[in-house]
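Below: the structure, in structure tokens.
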Amino acid sequence: EVTAVGSQVSKFKVGDTVGIGCRVSSCKACKPCQRDLEQHCEGRFERTYGNADKHFPGRSTYGGYTESIIVQQDCVLSVPSTLDLAAAAPLLCAGITMYSPLMHWKVGKG
């Protein structure tokens, strides 16, 4: 759940139910980032797990094991109120891992 937002955040508000994939930030400058494909960032990006946390020097990012996390809004996904949170978790891991290549290669039914 979103507990606070920065002054430049426009996609989310306090109280929104959200999920975070494998990144908390991207460079915003490389070609993939400019095309809204931050998952293919070629510059400096920070992972959800095991990265030095730039907001809290001396600490690492702990992903799903953390109590709170600071994330760029483009790395956050809305979780519909009709979706069970336990069902949402696999979508943020294996689901996202598969979604990008399926869309890239225009895979359809069958």
Side-chain angles (χ1 to χ4, degrees):
E1 179 178 306
V2 176
T3 59
V5 295
S7 61
Q8 297 179 4
V9 174
S10 61
K11 297 179 181 180
F12 302 97
K13 64 184 182 317
V14 172
D16 285 350
T17 301
V18 297
I20 303 166
C22 60
R23 295 170 297 98
V24 295
S25 70
S26 64
C27 77
K28 300 292 190 199
C30 68
K31 286 183 182 182
C33 284
Q34 293 296 310
R35 294 179 22 228
D36 294 326
L37 296 170
E38 289 89 352
Q39 70 270 27
H40 299 293
C41 179
E42 297 169 343
R44 176 160 163 61
F45 69 93
E46 294 171 289
R47 295 179 304 270
T48 307
Y49 288 94
N51 242 110
D53 192 323
K54 70 179 181 183
H55 302 287
F56 301 100
R59 292 177 47 190
S60 294
T61 54
Y62 293 107
Y65 301 103
T66 193
E67 291 182 19
S68 63
I69 193 166
I70 298 172
V71 184
Q72 287 178 345
Q73 69 177 335
D74 292 334
C75 299
V76 178
L77 302 163
S78 292
V79 176
S81 60
T82 55
L83 182 60
D84 175 44
L85 292 179
L91 296 174
L92 296 171
C93 187
I96 287 178
T97 300
M98 290 306 301
Y99 178 81
S100 181
L102 290 172
M103 294 297 100
H104 175 79
W105 296 106
K106 299 176 179 38
V107 174
K109 292 182 180 181

From [atom1] ([X]) to [atom2] ([Y]), nearest 0.5 Å:
{"X": "M98", "Y": "M103", "atom1": "CE", "atom2": "CE", "result": "10.0 Å"}
{"X": "N51", "Y": "R44", "atom1": "CG", "atom2": "CZ", "result": "6.5 Å"}
{"X": "H104", "Y": "Q39", "atom1": "NE2", "atom2": "CD", "result": "11.0 Å"}
{"X": "Y65", "Y": "S60", "atom1": "OH", "atom2": "OG", "result": "15.0 Å"}
{"X": "R47", "Y": "C75", "atom1": "CZ", "atom2": "SG", "result": "13.0 Å"}
{"X": "L37", "Y": "C30", "atom1": "CG", "atom2": "SG", "result": "9.0 Å"}

_Which residues end up grouped with V71 if you chain together Ile, Leu, Val, Met, Phe, Trp and Tyr wherever their side-chain heavy atoms are less than 4.5 Å apart?_
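Grouped by the 4.5 Å side-chain rule, V2, V5, V9, F12, V18, I20, V24, I69, V76 form the rest of the cluster around V71.
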*Between T66 (side chain) and T61 (backbone), is there a donor-acceptor pair under 3.5 Å?*
no
*Backbone N or O of K31 within a donor-acceptor pair of the E42 side chain at under 3.5 Å?*
no
*Is the number of heavy atoms from other residues, nucleotides or ligands under 6.0 Å of K28 NZ greater than 12?*
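Yes, enclosed.
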*Any idea which heavy atoms bring Y62 and Y49 closest together, and the distance?*
O-CE2, 3.5 Å
_Single-linkage hydrophobic cluster V79~L77, side-chain heavy atoms < 4.5 angstrom_ = no
*Which pairs pass side chain to side chain donor-acceptor pair (under 3.5 Å) with one or both residues in residues 11-26, sequence neighbours excluded?*
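Listed once each, the pairs are K11-D74, K13-D16, S25-E46.
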